Structures are given as C-alpha cells and as structure tokens.
Amino acid sequence: MNRHFRQLNRRIHSKTATVVMVLMVIATPLLSMTVFPAPAAATGWLGEQWEYRREITISGNGSDLTDIQYQLTGIDTQTLYNEGKLQFDCQDVRFTNAYGALLHFWIEDDSSSCGVDTSTDFWIRLPRAEAEGTTIFMYYGNPQAPAYLSPERTFDFFSQFSSFRVPWYNSAWQNRLKISINREKVRGTIPNFPVALDLSILGSAFWQNVDPQGDDLVITAADGTTKLARELVTINTGTETGTLWFKAPVVTNEEDTDFYLYYGNPAATETDDTATWSGHGLVQHLEESPTGSAPQITDSSGSNNNGTTSGFVSGDLVDTVIDSGLNFDGNDNEVNSGIPFASVTNNFSYSFWAYPESTRTETVQANSGITGTSGQRFVVYPEHGGVAFGSNARAGAGVSFGTNGISVFEHSGSYLPSLLVHNHPYTGWTHVVVVYSAGTPVLYVNGKFVKTGLASTKTVHPGASLAIGAFGKFDGLVDEFRVINSAVTPNWISTEYENHSSPETFFLLSVNRFLRLMIHQFSRIRPILQVQILSGCTTAPRIRLMERLYCKTYRELTGSDLKKHSR
C-alpha cells in the first residue's frame, strides 16, 4: 500500500478553504450538536466492490481533539484515473476510520475534475483525532459507486456555500468555472432568461486554456451536466474580451443561481443555438460591419429577420455597452429589416440601448390625429398599418428618442399620434424598454418604470427597422436591439438592466462569493466588533485573533484592506 501522504495539520492551504475555516471559527460557539457519520456496512474492508484503499496517518495535533475538519492535500487523482483505478469525478472515493465507519468529506471545487487534477484536496470530518496519531482509510476503484459527498455534514453552515464538486459534463473538457448569478441583482423569479456573460471578468486561467475561436465553450445548469442553449457573439483571446449569451432556465432573488462554464477541449466544435432566444422575434447585437455584404446585420433569434444597412461608413461600428454597436448620423444611416410581424399584435416589447445626440420634436400625448410627421428621432420606425398590414385599422408602433425625451408613436392611414410622451433630458447610454400590453404602451428606462401611455384604438404591430423613413431618423449610438413576442415583466426588465450594465456585480465567481457570505456571517454573529474592523483592518493589540483572521482573509481574496461593509 502506498502510504506516502503528507502529514496533516490544522492549517489552511487555499483561499477558499481560508474562508470556510474562518467561518467555522465564527460559527463554532453557536453550535450545540455534533454530527457523527453513520457506521459502514462492514468493519473490515469497506466492501468487495472497492478494489483499492490507502492508509492515512494523521498526526501533529498535539492533543486529543473531537469533531475536527482535516485537509488532505495534493492527491494526484489524474494518475489514478489514467490508471483506471478511479472514477473521473471521484464519485467512488470513500473515507473510513480505523473501525470501518464512513467519514463525511468534501472535495474542494475548482476548475478541474479529478480526472485531470494532479492536486486534488479533500476535507474530512473526524469525530476524534488522537494525540498519538489517527489512522483513516481512503477507498477507491468502484466504477459503479454513486457520489457520497456530504459538504453540509463536513462543515456546519455549508449549505450557504453549496460549492462542492458536482458531476462533470464530459471528460473531454479539461476545465470549468463555476459562475453564480447574484440574487441581489435579480428581481423576483424569472424563467427562460437570456443572460449576457462578459468573458473579460473570468480571469487569466480561462484565457490561457480556452479555444481561440471559443468552439469549446459549453455552459450547463447547476448539476454540471445539463447543457444550456448558448450564443457566442464575440471572443478575442488577445484582448481577453468577449460575450457569451445563454438561456437560464430560471433566475431568482431567493438564492444565487449557479452555472458551470466548460472550456479547454481543442477538439470541440460547439455551435450557437437559436433556442437561446426562444420567445424573441428579432435579436440584433449590431456587431457586424455595416459596410459589408448585405444583409449586414444578423438576426440571432432564428427568425431570419436580418437587416440591410445604408449610408454607413467603416468608422460607424463603435464600442458600445456590450462589445460593439452602430453610430447613426440622423441623416442617411438606416437598418432595414423588412416587415416581419404581421402575426404579433398588441402584446410585445422593444428593448435596446441608445445614446442620443440630438433633440426630437416634442408632441402632445394623444391616441388620434397626426403629430409625428417631422422632427422625430425614430430609433424604431412605425410601419404604416394600411400599407404594411393591409388595413388602416392596424398600426405600426415606433419609438422616437432624443436628448430631450422619449415618445411612442403609432402609424396608419391619416394616423400618426404619440400615445406616450416623456419629456426628460437624457445624456449618455440609456437602457430603453417599451412594453405593449393589451394595446397600451408602457415605458421603462434603466430598469425602472417611467410612464404608462394611452390605450390604442388600433390593432398594433411591432416594427423591425432602425432609423428609416421620412419623419426623422435617430441621431446617436444604438446597441442590442430586440423585439420580444410578448409583454415582458418589470422583473425581467430590471434584471436585464442589471445584467447588461454591471456584469462585475451581476455575477459571483467562486472567490468573491465565499467572501460575501463570510462577511455576512461575521456581521450577523459579531456586530459589536464591527466598528473596530470596518474602519480598516489593522494589527492593533485590541483586535482579537478572529478579527485578524477575518482581515487576513479579506486581503488574500481582494488584495486590499477592508474599506466598507454592506450587510
């Protein structure tokens, strides 16, 4: 038997482990019950299904200890997997004490599965550790064994972290990242939500191993294996930038929503899936050169509502909120996507980002008459209902946006009123959503409700073209234009704004998620001592060991002293 494991001490060997152990220091005085594992079926060898075991001797604790977590570090599980002795995800690993009782344990989650990890770390909970040394056994080599991880039994309060190793999508992928959507940035519970993942926030390990074309990018649900629809819009390993969209089955403010991003398979040939945009009638990221071959602007929804440009020059593709977008000059720049929405009426939504640079002509709010025939800055052109949809009882809806406000117009025969008028100064990038619900327009700006307009007297259809027509064209920048074939909810709109405008806080990568939970736990249990720490971590004699550990942990994870705290 190979017994060449390093001795174990009650030390902390990784940043994530540091957080867990500090949390345990904080939480221990509150505990009144110790969790002990159930006995194994046999007191000798764990079972004939297991082919291998290794004896591990734990020493160095100096005195008898009870209910202790020990870290077994640096196990070369890759070699064991390659030799056919271990499951790819370590599902067949078990630990027992010298008498055959199963021990609870946790495998630290990281970016590599056991099958490719040359330094896997295990945390093991021991009911008792003797001063003279304690013997435990590590079993493996059972290809039929299910997973036996019990993180919540290994560390009390672990259910708050949920960061144990989950099954691996496919052994051909060498790496993965755990990505969590911050529940504090989500409003309510939203099903089938398209998420924008800014790849620039993922760190150097990702960029050193991802395929240059992103052909290996796979994203799964929290179970690690359920593949989700995705669209890779851009990726540049030189500048370490890019955007991946994926369809989240649900996001919620009740808990952080976890996903796994797999990469590091040079043989992979993953492709985009239009199911990412189910429920959308048009999705234009506006990333393409407007001077290329027609149709220049691609519709990602799968509806083939591509746009043909006119009037643009090469410099009109510019940096915007999400990668690139188009600069409209208010004169002859257009994106014509045709008239595709004959069957979508009265309940639909527009969503886009825009940066206005000229005023629009202000009008009076009404649901009859003709007021929008000149001086408008139409981002979305209102199609003529009688011409486009065959009846003057039908109307196309459009959105005019200038530095002095936003108006929603409808257009048909002898009919061009502004059913919603919001006169307000706007500068810089603005997230605009117009929701038609039962024929009534509602305006949201930067994720917040602004105003409800008048009910239409027509059957209303969405438009698909940007800045066309004779009534005035938008002057400024536009990004991420889409038409949704339903009236989206306020929760959807607020969450979309948070996702697009602040990806650094919308997502929680593994390290900052541990930190946030640790800070919350500390503030809940030791509020009296906060004042000493929140003014800045120091080495003052009056700050006790627990506070010094807390400050040390913060520095390790963020590279800076603690400046402020928000519960």
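In this text the structure is predicted, and so the values were computed from the model without any measurement.
In summary, the side chains of R183 and T257 do not present any donor paired with an acceptor at a separation below 3.5 Å, with no hydrogens or angles considered. H285 and E480 form a side-chain donor-acceptor contact under 3.5 Å, judged by distance and modelled atom types alone. Using a 3.5 Å distance cut-off with no hydrogens or angles, the side chains of T489 and N491 do not pair a donor with an acceptor. There is a side-chain donor-acceptor pair under 3.5 Å between T309 and Q296. Counting only N and O atoms by type, the side chains of N305 and S337 include no donor and acceptor under 3.5 Å apart. K247 and S278 form a side-chain donor-acceptor contact under 3.5 Å, judged by distance and modelled atom types alone. A donor-acceptor contact closer than 3.5 angstrom is absent between the side chains of E287 and T234. E231 and T276 are not linked by any side-chain donor-acceptor pair at a separation below 3.5 angstrom, with hydrogens and angles left out of the test.
Residues R230 and D273 are not paired through a salt bridge, judged by the lack of any N-O separation under 4.0 Å between the basic side chain and the carboxylate. Between K85 and E51 there is no salt bridge, since no side-chain N of the basic residue sits under 4.0 Å from a carboxylate O of the acidic one.
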Test log, rule side-chain hydrogen bond (donor to acceptor under 3.5 Å, both in side chains), inputs D258 and S180:
CA-CA 4 Å; D258 298 333; S180 302; 2.6 Å; yes

Pair Y263-N209, side-chain contact (heavy atoms from CB on, under 4.5 Å): steps then yes or no
CA-CA 7 Å; Y263 60 100; N209 293 281; 3.7 Å; yes

Under the criterion side-chain hydrogen bond (donor to acceptor under 3.5 Å, both in side chains), I'd like the reasoning laid out for S407 against Q376: C-alpha separation, chi angles, the key distance, then a yes or no.
CA-CA 9 Å; S407 298; Q376 293 306 315; 5.0 Å; no

Show the numbers, then the answer: is there a side-chain contact (heavy atoms from CB on, under 4.5 Å) between F474 and N333?
CA-CA 9 Å; F474 180 72; N333 295 161; over 6 Å; no

Go through the steps for W123 and I107 under the test side-chain contact (heavy atoms from CB on, under 4.5 Å), then give the verdict.
CA-CA 6 Å; W123 284 89; I107 307 175; over 6 Å; no

Would T79 and N82 count as a side-chain hydrogen bond (donor to acceptor under 3.5 Å, both in side chains) if you check the C-alpha gap in whole Å, the side-chain angles of each, and the deciding distance to 0.1 Å?
CA-CA 5 Å; T79 297; N82 290 339; 5.6 Å; no

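Between W277 and H280, the ring planes are perpendicular. Angles over 60° get that label, and only those under 30° would be called parallel.
Of the residues listed (T241, V210, L232, V233), the one engaging L199 in a side-chain contact (heavy atoms from CB on, under 4.5 Å) is L232, and it is the only one. With respect to F246, the side-chain contact (heavy atoms from CB on, under 4.5 Å) criterion is satisfied by exactly one of I219, L217, L261: I219.
Applying the side-chain contact (heavy atoms from CB on, under 4.5 Å) test to V318 and every residue at least two apart in sequence or in another chain returns T320, N327, L477. With sequence neighbours excluded, no residue forms a side chain to side chain donor-acceptor pair (under 3.5 Å) with Y444.
Residue Y355 places its OH atom among 12 or fewer non-hydrogen atoms of other residues, nucleotides or ligands, all under 6.0 Å distant.
Using a 4.5 Å cut-off on side-chain heavy atoms (C-beta onward), W106 and F122 make no contact. For the pair F378 and F409, the minimum side-chain heavy-atom distance is below 4.5 Å. Side-chain contact between R176 and Y169 is absent, with no heavy atoms from C-beta onward closer than 4.5 Å. For the pair L286/L466, a side-chain contact is recorded, criterion being any heavy-atom separation below 4.5 Å from C-beta on.
Rounding to the nearest 0.5 Å places CD of E334 at 11.0 Å from OG1 of T308.
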In a table with atom names and distances, give each donor-acceptor pair under 3.5 Å that connects a side chain of residues 429-439 to protein atoms at least two apart or in another chain.
| unit_1 | atom_1 | unit_2 | atom_2 | d |
| --- | --- | --- | --- | --- |
| T430 | OG1 | G428 | O | 3.3 |
| H431 | NE2 | E496 | OE1 | 2.9 |
| Y436 | OH | E410 | OE2 | 2.6 |

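Between the side chain of T495 and the main chain of R187, a donor-acceptor pair closer than 3.5 Å is present. In terms of modelled atom types and a separation under 3.5 Å, the side chain of N182 and the main chain of F506 share no donor-acceptor contact. R360 places no side-chain N or O within 3.5 Å of a backbone atom of F401 that could act as its donor or acceptor partner.
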